[in-house]
Amino acid sequence: METRARSLLKAVLWQVIGLVTTTLVGLVLTGSAVVGGAMALANCAIGFLAYIIYERLWVHIRWGRLHG
């Protein structure tokens, strides 16, 4: 089991990585840093919430855990 703080930190760090890569992809595909940044921010917000929910749900699933 992990704390909510750990789940939150993991989500934040993952989203920073996603924000940078999505901005770069958007910039390359559109030629616009503004459009690329907007795409990245939208993706970041949605992905951030989805990841937190996903991680918190998995905390309650016992399958695949080693007990010892």
- Is a side-chain donor or acceptor of Thr21 paired with a backbone partner of Gly18 at a separation under 3.5 angstrom? yes

- Quick one: pull up CZ in Arg56 and OH in Tyr51 and give me the separation to the nearest 0.5 Å. 11.0 Å

- Item | From OG (Ser7) to CD1 (Ile53), nearest 0.5 Å | 12.5 Å

- Spell out, yes or no, whether Val34 and Leu41 are grouped together once hydrophobic residues are joined by side-chain heavy atoms under 4.5 Å, including indirect joins. no

- Query: When you look at CZ of Arg62, are more than 12 heavy atoms from neighbouring residues, nucleotides or ligands closer to it than 6.0 Å?
  - Reply: no

- Sole residue of Val28, Thr22, Val20 in side-chain contact (heavy atoms from CB on, under 4.5 Å) with Leu24: Val20

- Query: Which pairs pass salt bridge (charged side-chain N to carboxylate O under 4.0 Å, His left out) with one or both residues in residues 8-37, sequence neighbours excluded?
  - Reply: Glu2-Lys10, Lys10-Glu55

Closest non-hydrogen atom pair between [X] and [Y], with its separation:
{"X": "Ala40", "Y": "Thr23", "answer": "CB-OG1, 3.0 Å"}
{"X": "Ser32", "Y": "Leu27", "answer": "C-CD1, 3.7 Å"}
{"X": "Ile52", "Y": "Ala11", "answer": "CG1-CB, 3.8 Å"}

- Task: Determine, stepwise, if the pair Leu8 / Phe48 fulfils side-chain contact (heavy atoms from CB on, under 4.5 Å).
- Result: CA-CA 9 Å; Leu8 181 62; Phe48 180 77; 3.7 Å; yes

- With Arg4 via salt bridge (charged side-chain N to carboxylate O under 4.0 Å, His left out) - residues at least two apart: none

